[in-house]
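A short worksheet on the structure shown next.
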Amino acid sequence: MTNKHPDFISANWQDLPKTSLPEIAMLGRSNVGKSSFINTLIGRSRARISQTPGKTQTINGYHEQTHVLIDLPGFGYAKIGKSHRENWQRMCENYLLNRPNLVGIFHLIDIRHSWQNVDLDLTSLISATDIPCQVILTKSDKQTNNQNLKMKNYYNKSLSGLYLKPSPVIITSAKDKTGFDQIKQLIGVWIDEASSKE
Ligand SMILES: Nc1nc2c(ncn2[C@@H]2O[C@H](COP(=O)(O)OP(=O)(O)OP(=O)(O)O)[C@@H](O)[C@H]2O)c(=O)[nH]1
Ligand SMILES: [Mg+2]
């Protein structure tokens, strides 16, 4: 049976359960495909997705065998009231800056768009956390391989200076599952790195 509910859910980072399992967080603009990315990783439709931006409004945790995938609300959706939006953003920031078992961040960016201010702001936040981060270009099924290659080069050229330890972007599609073998490998590396530091 498909479980549509997260294993834990919180509207306040301080109320999150204290778990010793490593956590991996999905970060990005509203509607970029964070929840879909989690569903593809899990192989089941567990995280709620929507055509309408602003779907994920809490910090949601999905347990896998060795780690927990964290679905965060999206940044920068104008139609959600300003105070509401600021609350979510503060919640995400607090989570990212203070969660002791957070071992990796995926920064998701829609492959069809060039740098947006919200994403540039997120690069500063990510650098402040000192946690390994990988840039993911999502929705690659929505345009041609040539267009994707162009955007990949565009992003790769700009990464140094924006992130502390940039590695080349990974192109993904939650629809045709492009890129997910590499994503799973990277999660394993992050978990190993974190455990060797303990
Ligand atoms: N074609 C295609 N559509 C995608 C892909 N990933 C996500 N989508 C669609 O994009 C829309 C938003 O996806 P979500 O996964 O809800 O995005 P989100 O980043 O979690 O959005 P918020 O929670 O609102 O911030 C949905 O209609 C998804 O079906 C993809 O790889 N390919
Ligand atoms: Mg979502």
Side-chain angles (χ1 to χ4, degrees), residues 2-13 16 23-64 68-82 84-93 95-96 104-113 115-123 125-126 133-149 151-152 155 169-184 186:
T2 310
N3 178 0
K4 279 275 185 191
H5 298 287
D7 298 310
F8 61 75
I9 181 164
S10 179
N12 184 344
W13 73 274
L16 286 170
E23 290 178 352
I24 316 281
M26 314 306 141
L27 186 64
R29 293 172 64 217
S30 230
N31 214 41
V32 70
K34 299 174 294 299
S35 301
S36 305
F37 187 87
I38 287 188
N39 284 336
T40 303
L41 264 178
I42 294 176
R44 280 188 298 151
S45 181
R46 292 196 60 199
R48 284 172 190 273
I49 65 164
S50 167
Q51 307 279 358
T52 324
K55 180 66 182 173
T56 308
Q57 308 200 353
T58 46
I59 298 178
N60 299 346
Y62 297 89
H63 273 282
E64 288 283 77
V68 183
L69 298 170
I70 302 292
D71 198 8
L72 295 172
F75 277 63
Y77 178 49
K79 285 191 186 151
I80 296 287
K82 189 171 174 228
H84 218 63
R85 197 169 75 222
E86 284 173 356
N87 276 345
W88 287 358
Q89 299 194 354
R90 208 167 311 118
M91 171 175 77
C92 291
E93 284 168 17
Y95 168 80
L96 293 168
I105 300 170
F106 287 115
H107 182 180
L108 276 65
I109 296 175
D110 189 321
I111 197 163
R112 296 169 296 172
H113 306 306
W115 282 110
Q116 313 276 304
N117 285 336
V118 173
D119 282 308
L120 291 170
D121 289 346
L122 286 177
T123 64
L125 172 61
I126 290 163
C133 171
Q134 173 67 51
V135 176
I136 304 294
L137 301 181
T138 64
K139 308 194 184 184
S140 65
D141 59 281
K142 290 217 181 223
Q143 56 177 26
T144 64
N145 284 343
N146 260 347
Q147 288 170 313
N148 286 338
L149 195 62
M151 292 312 281
K152 181 179 171 179
Y155 275 103
V169 299
I170 299 176
I171 289 181
T172 64
S173 161
K175 199 170 173 192
D176 64 24
K177 317 230 181 320
T178 298
F180 280 85
D181 288 341
Q182 205 182 340
I183 302 295
K184 285 177 190 166
L186 181 56

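Ligands are counted one by one from 1 in listed order, and the atoms in each one are counted from 1 as well.
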- Task: Just jot down the side-chain hydrogen bond (donor to acceptor under 3.5 Å, both in side chains) partners of Asn31, sequence neighbours excluded, or say none.
- Result: none

- Quick one: side-chain hydrogen bond (donor to acceptor under 3.5 Å, both in side chains) partners of Tyr95, sequence neighbours excluded? Glu23

- Validation row: Ile111, His113 side chains within 4.5 angstrom (heavy atoms): no

- Using modelled atom types only, decide if a donor and an acceptor are shared between the side chain of Asp71 and the backbone of Asn60 within a distance under 3.5 Å. no

- If you draw a 6.0 Å radius around CD in Gln147, do more than 12 non-hydrogen atoms from other residues or ligands fall strictly inside? yes

For ligand 1, output the ligand-protein N/O contacts shorter than 3.5 angstrom; if there are none, return none.
| from | atom 1 | to | atom 2 | distance (Å) |
| --- | --- | --- | --- | --- |
| ligand 1 | 1 (N) | Asp141 | OD2 | 2.7 |
| ligand 1 | 10 (O) | Lys139 | NZ | 3.0 |
| ligand 1 | 15 (O) | Ser35 | N | 3.4 |
| ligand 1 | 15 (O) | Ser36 | N | 2.8 |
| ligand 1 | 15 (O) | Ser36 | OG | 2.6 |
| ligand 1 | 16 (O) | Ser50 | N | 3.2 |
| ligand 1 | 17 (O) | Gly33 | N | 3.2 |
| ligand 1 | 19 (O) | Val32 | N | 3.2 |
| ligand 1 | 19 (O) | Gly33 | N | 2.9 |
| ligand 1 | 19 (O) | Lys34 | N | 2.9 |
| ligand 1 | 19 (O) | Lys34 | NZ | 2.7 |
| ligand 1 | 20 (O) | Ser35 | N | 2.9 |
| ligand 1 | 20 (O) | Ser35 | OG | 2.9 |
| ligand 1 | 21 (O) | Asn31 | N | 3.1 |
| ligand 1 | 23 (O) | Thr56 | N | 2.9 |
| ligand 1 | 23 (O) | Thr56 | OG1 | 2.8 |
| ligand 1 | 24 (O) | Gly54 | N | 2.8 |
| ligand 1 | 24 (O) | Lys55 | N | 2.7 |
| ligand 1 | 25 (O) | Asn31 | N | 3.3 |
| ligand 1 | 25 (O) | Lys34 | NZ | 2.9 |
| ligand 1 | 25 (O) | Gly74 | N | 3.4 |
| ligand 1 | 27 (O) | Gln51 | OE1 | 3.4 |
| ligand 1 | 31 (O) | Ala174 | N | 2.7 |
| ligand 1 | 32 (N) | Asp141 | OD1 | 2.7 |

- Near the Mg ion (ligand 2), which protein N/O/S atoms fall under 2.8 Å? Ser35 OG, Thr56 OG1

- Task: Hey, could you give me the OG/CG distance between Ser10 and Leu16, rounded to the nearest 0.5 Å?
- Result: 4.5 Å

- Would you kindly say whether Ser36 and Asn39 are connected by a side-chain donor-acceptor distance under 3.5 Å? no

- Task: Measure from the ring center of Trp115 to the ring center of Tyr155 and say whether it is less than 6.0 Å.
- Result: yes

- Message: Name the residue from Thr178, Thr138, Asp141, Leu41 that meets the side chain to side chain contact (heavy atoms under 4.5 Å, CB included) definition with Thr172.
- Response: Thr138

